[in-house]
Amino acid sequence: MVIKIFRNFFKRIFSNIFKNKKEIKLGFYGPPNAGKTSLANRICKDFTGEGIGKISKIPHETRSVQFKEKVVIEYKGKKMLFKMIDTPGIATRIDYEKFLKYKIKKKEAKKRAKEATQGVIESIKWLDDMDLVVIVLDSTENPYNQVNITIIGNLVARKIPVLIVANKVDLKKSDIKKIEAAFPEYEVVGISARYGKNLEEFYESIFKLSKKI
Ligand SMILES: Nc1nc2c(ncn2[C@@H]2O[C@H](COP(=O)(O)OP(=O)(O)OP(=O)(O)O)[C@@H](O)[C@H]2O)c(=O)[nH]1
Ligand SMILES: [Mg+2]
């Protein structure tokens, strides 16, 4: 009973604070396996206690768009309200054979490839709906590829603010400079979603970019 009263009280305060504020639709985009869900999970867990979805070393783990609404991110005493949108990794070619090396059976691999293809279409469909997009790249991989260029080109055409995240900086092969050189017009923040490294700079950039919406 008492708990219920308290809960309602806080709910009222919460909705009053954000009554006039719209949720910022924050999308996580990028190639498969870059760490989009890992980053979205970390943020959601930090501010709501719950994650957004499953992660895996097998590419195309996220095969449909997943959300977390009413995520209040607090940074340096400021609060902003977000709808977090984690998207399936975008790829130009999805062959079921590449899943077989992860010991996935042929039938299951074919199903995964089909769903992953559908996921790519869904991701692109949702682009128009975003207020702000975080492009998550694996900083151990070559950033010059068709997928990255296409995603960024799409966002520019739609005038959606973009932040590029160079993820996996904990790995030896990580090369943030290469990503900066590939996309010189954009802000690039190096982080480790797995270990929660440099998230302060990430939040700083998100808050700054939110003003451009
Ligand atoms: N070393 C290291 N590994 C990471 C980091 N972030 C994610 N990973 C790993 O990278 C793999 C892919 O992570 P996910 O978060 O599932 O990647 P994703 O971009 O959501 O992938 P899809 O859903 O397939 O598009 C997992 O094995 C993660 O543990 C990081 O900062 N450092
Ligand atoms: Mg994912």
Side-chain angles (χ1 to χ4, degrees), residues 26-46 50-68 71 83-104 108-127 130 133-143 145-148 150-152 154-155 162-179 188-203 205-206:
L26 177 62
F28 293 81
Y29 274 82
N33 221 37
K36 300 175 293 298
T37 309
S38 298
L39 176 58
N41 271 348
R42 187 161 274 283
I43 300 165
C44 289
K45 278 184 188 152
D46 277 355
E50 283 171 12
I52 195 165
K54 261 181 73 198
I55 68 152
S56 169
K57 64 173 190 290
I58 311 171
H60 299 286
E61 182 61 18
T62 309
R63 296 187 292 285
S64 55
V65 174
Q66 45 196 11
F67 315 89
K68 184 118 207 140
V71 177
K83 176 174 177 175
M84 310 273 288
I85 302 140
D86 180 30
T87 68
I90 296 176
T92 44
R93 240 191 109 103
I94 303 165
D95 291 326
Y96 79 88
E97 280 102 340
K98 77 173 174 194
F99 299 133
L100 301 175
K101 70 171 186 229
Y102 296 99
K103 295 196 172 82
I104 291 181
E108 196 54 38
K110 281 189 172 170
K111 184 169 167 261
R112 190 180 181 96
K114 202 172 162 190
E115 288 171 0
T117 306
Q118 214 34 58
V120 173
I121 297 166
E122 214 191 310
S123 288
I124 293 167
K125 237 188 228 165
W126 270 87
L127 256 182
M130 303 296 159
V133 166
V134 174
I135 297 179
V136 182
L137 302 179
D138 181 336
S139 62
T140 67
E141 304 235 330
N142 184 0
N145 64 56
Q146 205 59 50
V147 168
N148 296 344
T150 308
I151 300 173
I152 292 182
N154 257 296
L155 292 165
V162 176
L163 174 67
I164 299 180
V165 159
N167 190 32
K168 310 195 184 182
V169 295
D170 55 285
L171 297 176
K172 231 183 178 163
K173 259 183 74 189
S174 164
D175 189 349
I176 304 177
K177 289 215 163 61
K178 202 163 181 187
I179 295 181
V188 177
V189 178
I191 67 153
S192 168
R194 181 184 277 177
Y195 298 105
K197 216 172 135 190
N198 210 22
L199 283 183
E200 294 301 300
E201 196 187 333
F202 170 80
Y203 292 130
S205 302
I206 288 293

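In listed order, ligands and their atoms are each counted from 1.
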Checklist entry - At the Mg ion (ligand 2), what's the angle from T62 OG1 to T37 OG1, rounded to 10 degrees? => result 90°
Are any of the N/O atoms in [X] less than 3.5 Å from those in ligand 1?
X	value
G35	yes
V169	no
T87	no
K36	yes
A34	yes

Evaluate the side-chain proximity of [Y] to [X]: yes if any heavy-atom separation is below 4.5 Å, no if none is.
X	Y	value
K178	N142	yes
I43	K68	no
L155	M130	no
L26	I206	yes

So which protein heavy atom does [atom] come closest to, and at what separation?
atom	answer
atom 22 (P) of ligand 1	N33 N, 3.6 Å
atom 29 (O) of ligand 1	R194 NH2, 3.1 Å
atom 24 (O) of ligand 1	H60 N, 2.7 Å
atom 26 (C) of ligand 1	S56 O, 3.4 Å
atom 6 (N) of ligand 1	N167 ND2, 3.1 Å
atom 4 (C) of ligand 1	K168 CE, 3.7 Å
atom 23 (O) of ligand 1	T62 OG1, 2.8 Å
atom 1 (N) of ligand 1	D170 OD2, 2.9 Å

Item to check | Atom pair CG (L163) and CZ (F28), whose distance is rounded to the nearest 0.5 Å | outcome: 9.5 Å
So, does [X] use its side chain to make a donor-acceptor pair with the main chain of [Y] at under 3.5 Å?
X	Y	answer
T87	V65	no
Y29	L127	yes
N198	G190	yes

Checklist entry - Against heavy atoms of P59, which atoms of ligand 1 measure under 4.0 Å? => result 24 (O)
Checklist outcome for this item: Note: ligand 1 atoms sitting under 4.0 Å from heavy atoms of G89 are 25 (O)
Next on the checklist: Looking at the Mg ion (ligand 2), is there an N, O or S atom belonging to S38 that lies under 2.8 Å away from it?
Outcome noted: no
Next on the checklist: For a distance under 2.8 Å, tell me if T87 has an N/O/S atom near the Mg ion (ligand 2).
Outcome noted: no
Checklist entry - Who gets closest to atom 13 (O) of ligand 1 by heavy atom: S174, A193, S38? => result S38
Checklist entry - In chain order, what residues pass the salt bridge (charged side-chain N to carboxylate O under 4.0 Å, His left out) check against D138, with sequence neighbours excluded? => result K168
Checklist entry - Where do V169 and S192 come nearest, in terms of heavy atoms and distance? => result CG2-N, 3.8 Å
Item to check | E115 with K111: basic N within carboxylate O range, under 4.0 Å | outcome: yes
Counting only heavy atoms, which portion of [X] has something under 4.0 Å from ligand 1: side chain, backbone, both, or neither?
X	result
L171	side chain
K57	both
I191	neither

Item to check | Candidate pair V134 and F202, rule side-chain contact (heavy atoms from CB on, under 4.5 Å), full reasoning | outcome: CA-CA 10 Å; V134 174; F202 170 80; 4.0 Å; yes
Item to check | Chi angles and distances behind the side-chain contact (heavy atoms from CB on, under 4.5 Å) call for H60, I94 | outcome: CA-CA 9 Å; H60 299 286; I94 303 165; 3.8 Å; yes
Checklist entry - What do you reckon, does G30 put a non-hydrogen atom under 4.0 Å from ligand 1? => result no
Next on the checklist: Within 45 degrees of the ring normal and closer than 6.0 Å to the centroid, is that where the cationic atom of K83 sits relative to F67?
Outcome noted: yes
